[in-house]
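Worksheet: the structure to be examined is printed underneath.
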There are 4 protein chains.
Amino acid sequence: MQEDRPVPEPLGVRQARAQRTREAVVAAAAAVFVDQGVQAPIRDIAERAGVGVGTIYRHFPTRADLVTAVYRHQIDTCSALAPRLLAESASPYTALTRWADAFVEFLVTKHGLGAALGSGDPGLENLHGLMLDTLVPACATLLDACTAAGETHPDVTAYTLMRAIGNLCITGPDYDRTDARRMVAALLAGVRRTA
Amino acid sequence: MQEDRPVPEPLGVRQARAQRTREAVVAAAAAVFVDQGVQAPIRDIAERAGVGVGTIYRHFPTRADLVTAVYRHQIDTCSALAPRLLAESASPYTALTRWADAFVEFLVTKHGLGAALGSGDPGLENLHGLMLDTLVPACATLLDACTAAGETHPDVTAYTLMRAIGNLCITGPDYDRTDARRMVAALLAGVRRTA
Amino acid sequence: MQEDRPVPEPLGVRQARAQRTREAVVAAAAAVFVDQGVQAPIRDIAERAGVGVGTIYRHFPTRADLVTAVYRHQIDTCSALAPRLLAESASPYTALTRWADAFVEFLVTKHGLGAALGSGDPGLENLHGLMLDTLVPACATLLDACTAAGETHPDVTAYTLMRAIGNLCITGPDYDRTDARRMVAALLAGVRRTA
Amino acid sequence: MQEDRPVPEPLGVRQARAQRTREAVVAAAAAVFVDQGVQAPIRDIAERAGVGVGTIYRHFPTRADLVTAVYRHQIDTCSALAPRLLAESASPYTALTRWADAFVEFLVTKHGLGAALGSGDPGLENLHGLMLDTLVPACATLLDACTAAGETHPDVTAYTLMRAIGNLCITGPDYDRTDARRMVAALLAGVRRTA
DNA sequence: TATGAATGAGCCTTCATTCAT
DNA sequence: CATGAATGAAGGCTCATTCAT
């Protein structure tokens, strides 16, 4: 007595359309976040995406869901970079600096994310958690290798280092990405163990 | 039922009262900023100060004016510390690290100020300007001395360094003042020229 | 060193104005409640009162506060009626029926209050509490006297009776105040102990 | 990539499936009404029934249609009870009280229906009409018999009585079904003509 | 000067309803 | 027939800001 689904195939069509809508929302949100920061009104995002506010809420019940979606892909990419660099680089510390370069590049091109991470804003805990779950382990891989090789001080944790790098990437009119890069480089130089 | 005006007060008395009101507002704002951050509702500050909201607007037309007033004294103190440390310390770099310690101490005890500085929030430009006008020269005094002594890289500007330190002092649940101190120390170690 | 209040008298003027505003809001709310019920949009009430929504929220932080204010006076009046009727009437039961008449009259002229009382709507607990605190004791005075005189069944509580009367006063197109009065009369006849 | 239509189903099969869907919706609605009242969101009902919201709108264009469908069967049962009780009972009044007991039982176990009936909510007129068309005649059968036997006051109409009973069955935290039963019994006692 | 009542723009969120597939 | 994504009107609530007294 099997249930024969009345509409088996057309579902894919609708799902595809919904997926496109979802992506349009994410793209619009990313753009608006650059302009206005992650606290931008939902309505602005909806308008930019050309959808109704209800559509945003359907796909992303909370603001944090949307923020997370916007940055997830890039966070994953950044995370996946760590083991690759570790394998390719001459030393763990070199890998760490290269990875930090990539992380900085990611942060400074995502205006507002750094501030979002540091804001402690409730409702952005998902994003915070995402960072913790993906980037911190990636960073830890590199840092542990450095520590094992005696290249860095052992009392610096991956989380603290990432948070510090994130903070250093909060740019503004008189402190641009070049400054951020230079300061991050200095920070890494500072944690290097002078053997 | 005529209005019987009381004897008009001497001008000095009125001004003194206004000054006291102003100080009460600043004190209340400082307390509220610690609890709620610099974006706290004006009304909360007014209530804490025991004045009407209009009074706050009279004394501080913009929020930035209030934020600035709250931190001005401490900023001045911090600024005045620089030449003293330079005179007392064995080397310019030592003076710089000590001064940074004091600056970090100031920032991490002022919940939300670090974030305010880094937020790029329009309306907080006054505070930004205050930093520029007082702390940057103070920091520059030390940094220039370091550079002159060949202790630091010459391509690090006082403004950039201050901004970086400010960012590193944006604390949170998992990144406290101890972490901030350690990261600032690492940053300064990183800008030191290894002669 | 006494604080001499700078503005002692004008306060009364403003307070009087605020009081008038408050009363205008209550009057508008009463009218709107008749038209739309107690769940009417706050904006509608504000428009009817000729004030901004903020003014409503200033005076009545919750909807229940407003509902309560609308009916408080009449509830108090109704409550105060009970001892008077008890003193004037030939028997406690007569007093009870007269008081019920007054209560019914109050309810049926306040379209929506009966439904509000019976709705169990959270947020209207204040009103419920007001009823409990003022009308139930008034009713109990009469009912206890009846019971003491052996005129009514002792297992009917004042609260239950009031609630029942309230329910019977939920009128509609085909069940008007005349019907409500008749049904309440029948109910009271039913609780009368046939000696 | 041509659409390969499956063999078209016989009409009867499709209709049967539609009927099952309809019944699933009614069952889900009944359950949701108990939990949330008759104003529950349509989506909640659709989810509980495992269908899309569009399906509900197809079968029941208005909310009242759905409410009506949910209670129709029980209303019919209750209605059919009247002549049976009249035949079985010792007196018309006894039949009336027994029928009222059944009606009360129906109402108090259907959370929210009593309030729905008394709310005067436009859009629930269908339900109102259903009551009028089926229950009122049933009640009238009994009431007319009572009046003819001189057991009740002739000026109480069946509609008014039913409405009153319905109102008395609006229960809440402090007025439960036991109270409702007692009050209905009192009401009926009150309309009894003391010969 | 100080007050604080009043204003209303603005944001959030829910949900009834439509319609293309 | 069934689906459920999309829409957008509607209502709640907050708070910066003004201004008459």
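Chain identifiers are assigned alphabetically (A, B, ...) following the order of the sequence lines, protein sequences preceding nucleic acid strands; residue numbering begins at 1 within each chain. Remember, predicted model here, so these are calculated numbers, not experimental data.
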Open item on the list: Walk me through whether D:Q19 and D:E23 qualify under side chain to side chain donor-acceptor pair (under 3.5 Å).
Closed with: CA-CA 6 Å; D:Q19 182 58 25; D:E23 280 160 10; 2.9 Å; yes
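- Proximity of residues 47-60 of chain B to DNA chain F (heavy atom under 4.0 angstrom from any strand atom) is restricted to B:V53, B:Y57.
- F:dG8 atom P lies 17 Å from atom CD1 of A:I42, rounded to whole Å.
- Residues B:D35 and B:R48 are in side-chain contact: their nearest non-hydrogen atoms beyond the backbone lie under 4.5 Å apart.
- In this structure a side-chain-to-backbone donor-acceptor pair under 3.5 Å is missing from D:T55 to D:V51.
- Residues from residues 18-31 of chain A placing a heavy atom under 4.0 Å of any atom in DNA chain F, listed by number, are A:A18, A:T21.
- Between C:I42 and C:Y57, the closest side-chain pair of non-hydrogen atoms falls below 4.5 Å.
- Between the B:R63 side chain and the B:A40 main chain, a donor and an acceptor come within less than 3.5 Å of each other.
- For C:R43 against F:dG12, a side-chain N or O and a base N or O form a donor-acceptor pair under 3.5 Å.
- OP1 or OP2 of E:dT21 sits under 4.0 Å from a side-chain N or O of A:R17.
- Nucleotide F:dG11 holds its C1' atom 12 Å from the CD atom of C:Q39, rounded to whole Å.
- F:dA20 is paired with E:dT3 under the criterion used here, namely a Watson-Crick or G-U wobble arrangement in which both key atom distances are under 3.5 Å.
- In terms of modelled atom types and a separation under 3.5 Å, the side chain of B:T21 and the main chain of B:R17 share a donor-acceptor contact.
- A:D65 contributes a side-chain N or O that, together with a main-chain N or O of A:T62, makes up a donor-acceptor pair within less than 3.5 Å.
- Closest to the side chain of A:R14, out of F:dG4, E:dT13, F:dA16, is F:dG4.
- Here the straight-line distance linking atom CZ of C:R43 with atom CD of C:E47 works out to 8.5 Å at 0.5 Å rounding.
- Looking at which nucleotide of DNA chain E each of A:P41 and D:A40 is closest to, the 5′-most match is held by A:P41.
- Considering only heavy atoms from C-beta on, C:L66 comes within 4.5 Å of C:I45 through its side chain.
- E:dC12 atom C1' lies 12 Å from atom CD1 of A:I45, rounded to whole Å.
- In this structure E:dC11 sits in a base pair with F:dG12, meeting the Watson-Crick or G-U test at under 3.5 Å.
- Between the CG atom of D:D44 and the P atom of E:dT17 there is a distance of 15 Å, given to the nearest Å.
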